[in-house]
Amino acid sequence: MGAAYTSGAPILSFRPWRCPIELLLNTREVDDWTVLEVKGEVDLYTSPALRERIVELVEEGQIRVIVDLQEVGFLDSSGLGALVGALKRVNERGGRLMLVCPEGSPLKVLTITGLDKIFPIHSSLDEALRA
Amino acid sequence: MADRFTLELPPEPISIGTARLFSATVARYFGCEEEAVEDLKLAVSEACTVAIRTNEGRHRRVHLVIEDGGSALTFSVQDGGSSAPADADALDVPVGELIRALFPSAEVSANPDGGADVRFSVPTSN
């Protein structure tokens, strides 16, 4: 990987090597729901881990799932693909999947793509649990 | 001569975070609004995703170029490959559509090898 700069402005401080992104996934049971807390950035590099975790949950028979995106700072179409795949798998087994996603970049992506009409989206976990 | 920043990325998914960080660093330096920075990170990520999927395993680098045009920064992502492979969970949202939703004047053009080049501009405070 290489970075280059031409012309006269001050050189920006940038380390042009790989910046690994962490994605933390934590699962807990709340009432009769499985809450999957996602922390970090979800993109082409990290979305496979999210996809695999949801597949595991569904295969374990946990089909009432809340994906908590409150600590997600970035989500692109790769992440949306993982969520759509999760919704499809849960629906096929007669379950339910909801998202917790307050105002911010991830919600904007869901809105732009029209997926806010497909997913039940709540601004907090409490609101989701009351739904 | 306009300021020009280039980043060459290996076609690996781990590179996408670097592209976002690089783009955001340059945009903030030139005074782009924070909302625009979030939008351009998404657009860069989308463009790089397609480019990397296209070129993964071929060792052809993806080029991210940022140019200062005075009142705006122009971002371009260029790949050089063929169509991206099918992904069972891939969204049925063409990459250009999401980028154009964020930047209506974005140009998404097919290159001679069948890949796509993406170009869009973000206003600066300069």
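So you know, we letter chains A, B, ... as the sequences are listed, proteins then strands, and number each from 1.
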Rounded to the nearest 0.5 Å, how far does [atom2] of [Y] lie from [atom1] of [X]?
X	Y	atom1	atom2	value
B/Ile52	A/Tyr45	CD1	OH	12.0 Å
B/Arg20	A/Phe74	CZ	CZ	4.0 Å
A/Leu44	B/Glu46	CG	CD	10.0 Å

Is [X] linked to [Y] within one hydrophobic cluster, defined over Ile, Leu, Val, Met, Phe, Trp and Tyr using a side-chain heavy-atom separation of less than 4.5 Å?
X	Y	answer
A/Val72	A/Leu23	yes
A/Val58	A/Ile66	no
A/Leu115	A/Ile54	yes
B/Tyr29	B/Leu64	yes
A/Leu57	A/Val42	yes

Checklist entry - chain B heavy atoms under 4.5 Å from A/Leu83: which part of the residue, side chain, backbone, both or neither? => result neither
More than 12 heavy atoms of other residues, nucleotides or ligands under 6.0 Å from [atom1] of [X]: yes or no?
X	atom1	answer
B/Arg119	CZ	no
A/Glu29	CD	yes
A/Glu56	CD	yes

Checklist entry - Can you tell if the side chain of A/Asp43 reaches within under 4.5 Å of the side chain of B/Thr49, non-hydrogen atoms only? => result no
Next on the checklist: For B/Leu102, which atoms come within 4.5 Å of any heavy atom of chain A: side chain, backbone, both, or neither?
Outcome noted: side chain
Checklist entry - Are there residues of residues 91-110 of chain A that reach to under 4.5 Å of chain B by heavy atoms, and which ones? => result A/Ser105, A/Lys108, A/Val109
